[in-house]
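I have placed the structure first, in the form of C-alpha cells, so that the comments after it can refer back to it.
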Amino acid sequence: MKTLVIIPAYNESENIVNTVTTLTKHCPDVDYIIINDCSKDATEQICREHGFCYISLPINLGIGGGMQTGYRYAYENGYDIAIQFDGDGQHNAEYIPDLIAPIVNGEADMVIGSRFINKEGFQTSFMRRMGINMLGCVLRLFGRVKITDATSGFRAISREMIAFFSQHYAQDYPEPESIIAAASSGFHVKEVPVVMNERTAGVSSINTLKSVYYMIKVTLAIAMYRLVGKKWR
C-alpha cells in the first residue's frame with residue numbers, strides 16, 4: 001500500500017539527519033515528508049542541503065497544524081497509509097511494519113505504537129507516566145476506548161482517516177484528542193507494542209507548566225466530545 005511517513009519538525013537541526021537516515025535505511029519503500037514548522041534553527045537549511053523532501057510552513061502552527069498539513073499532502077497525493085514519525089529520534093523505524101500491519105489487514109483505521117504494552121525501552125518520566133495513565137482513564141470513561149499510551153506520536157492511519165484528518169484535526173496537543181475524535185466517529189483504534197528511544201538532543205516542547213495546561217485542556221476536550229456526542233461523519 002502506498003505509504004507516507006510525516007515527520008513534524010520544529011528546531012530539530014541536531015536530530016533530523018539521523019531521523020531520515022534511519023527511516024530510509026529500515027523502510028526504503030515508503031515515502032516521507034518533513035513538515036518544518038517555521039524552525040528558528042538550521043532545520044530548513046539542513047533539509048535543503050541534504051536533498052530531503054520537506055515543506056516549510058510560513059508561520060509556526062504547532063504539532064496539530066503541522067500534522068494536518070502532512071495529512072492534507074497525503075490525501076492530495078493519494079496515499080493509502082500515513083504515519084506520524086517524530087523528528088527528534090525517539091521513534092524506531094523498524095517498528096513501522098508492525099504499526100501498519102493492522103491497517104493492511106483491515107483490522108484498524110488508526111494504530112498507535114505504545115511503549116507501555118511490553119514496557120521495553122525508554123518509558124518517560126514518572127510524572128508523565130502518571131499523566132498518560134490519567135488520560136487513558138479519561139479515554140476509557142468518555143470514549144470507551146482502551147489506550148495505554150494516549151500521547152504517543154508514533155501512529156499510522158488509513159486512507160479514510162487521512163481524508164478525515166485532512167479536514168478535522170485538533171490543533172493544540174492533538175494526540176489524545178485525535179483518538180477520541182476517531183473513536184466517536186466510528187473508526188477502529190488499536191495499539192501495538194513498540195520500543196522508543198530517549199531524546200538525545202534538543203528540548204521537548206512540553207515543560208512542567210505546559211504539562212498541567214495539557215492535562216486540563218485535553219481532559220476537557222475529550223469530555224466535550226462525549227457530552228455533546230460530537231461526530232464529523
Side-chain angles (χ1 to χ4, degrees), residues 1-37 43 46-47 50 52-54 63 66-67 70-71 74 79-105 107-126 128-129 132-133 135-136 147-158 161-162 174-176 178-179 189-206:
M1 300 178 76
K2 190 178 178 183
T3 302
L4 177 71
V5 175
I6 302 167
I7 307 173
Y10 177 69
N11 292 346
E12 296 292 358
S13 60
E14 297 178 83
N15 300 308
I16 197 65
V17 172
N18 183 63
T19 297
V20 174
T21 300
T22 56
L23 172 64
T24 54
K25 174 184 176 181
H26 289 286
C27 300
D29 296 328
V30 304
D31 297 335
Y32 73 87
I33 186 75
I34 299 166
I35 309 298
N36 173 41
D37 194 15
T43 298
I46 290 171
C47 288
H50 284 78
F52 293 159
C53 299
Y54 73 97
I63 183 64
M67 281 306 303
Y71 289 136
Y79 284 93
D80 302 300
I81 297 175
I83 300 168
Q84 181 176 344
F85 191 84
D86 289 353
D88 57 14
Q90 294 192 69
H91 297 161
N92 285 313
E94 55 262 42
Y95 285 95
I96 285 178
D98 296 335
L99 195 70
I100 67 175
I103 296 175
V104 174
N105 296 331
E107 300 169 1
D109 301 294
M110 172 189 280
V111 183
I112 299 167
S114 171
R115 74 203 100 171
F116 302 130
I117 295 177
N118 291 340
K119 295 182 171 60
E120 297 176 343
F122 178 59
Q123 297 289 289
T124 196
S125 67
F126 173 76
R128 287 200 180 185
R129 288 199 303 273
I132 291 168
N133 288 337
L135 285 175
I147 298 295
T148 65
D149 200 351
T151 65
S152 171
F154 191 22
R155 52 184 62 190
I157 63 172
S158 65
M161 284 217 70
I162 291 172
E175 283 82 6
S178 65
I179 296 171
V189 183
K190 182 177 182 177
E191 280 187 309
V192 296
V194 299
V195 174
M196 294 190 188
N197 308 311
E198 188 171 4
R199 173 189 277 270
T200 58
V203 179
S204 172
S205 61
I206 303 178

* **Residues in side-chain contact (heavy atoms from CB on, under 4.5 Å) contact with P102, at least two apart in sequence or another chain** => E107, A108, V111, K190, V192
* To do: Mind checking the CG-CD1 spacing from L4 to I157? Nearest 0.5 Å is all I need.
  => 10.0 Å
* Structure fact -> In this structure, CE of M67 is separated from CG of D37 (nearest 0.5 Å) by 11.5 Å
* Worked verdict on D31 versus Y79 for side chain to side chain donor-acceptor pair (under 3.5 Å) -> CA-CA 10 Å; D31 297 335; Y79 284 93; 2.7 Å; yes
* For T148, check side chain to side chain donor-acceptor pair (under 3.5 Å) against everything at least two apart and list the hits. => S114, E191
* Asked: When rounded to the nearest 0.5 angstrom, what is the spacing between CD1 in I81 and CD1 in I100?
  -> 4.5 Å
* Is D149 paired with R115 through a side-chain N to carboxylate O contact shorter than 4.0 Å? -> yes
* Asked: What's the spacing between C47 SG and I34 CD1 if we round to 0.5 Å?
  -> 3.5 Å
* Asked: Should the pair F154 and H91 be assigned to parallel (<30°), tilted (30 to 60°) or perpendicular (>60°) ring geometry?
  -> parallel
* Contact check, side chains of E175 and I147, non-hydrogen atoms, under 4.5 Å -> no
* Please step through side chain to side chain contact (heavy atoms under 4.5 Å, CB included) for the pair L23 and V5, ending with a clear verdict. => CA-CA 9 Å; L23 172 64; V5 175; 3.8 Å; yes
* Structure fact -> When rounded to the nearest 0.5 Å, the distance separating CD of Q90 from CE of M196 is 7.5 Å
* Structure fact -> Applying ring pair (Phe, Tyr, Trp, His ring centres under 6.0 Å) to Y71 and not counting sequence neighbours gives F165, Y169
* Please report the shortest heavy-atom distance between P8 and F85, naming the atom on each side. => CD-O, 3.6 Å
* Mind checking whether N92 and N197 have side chains closer than 4.5 Å, heavy atoms only? -> yes
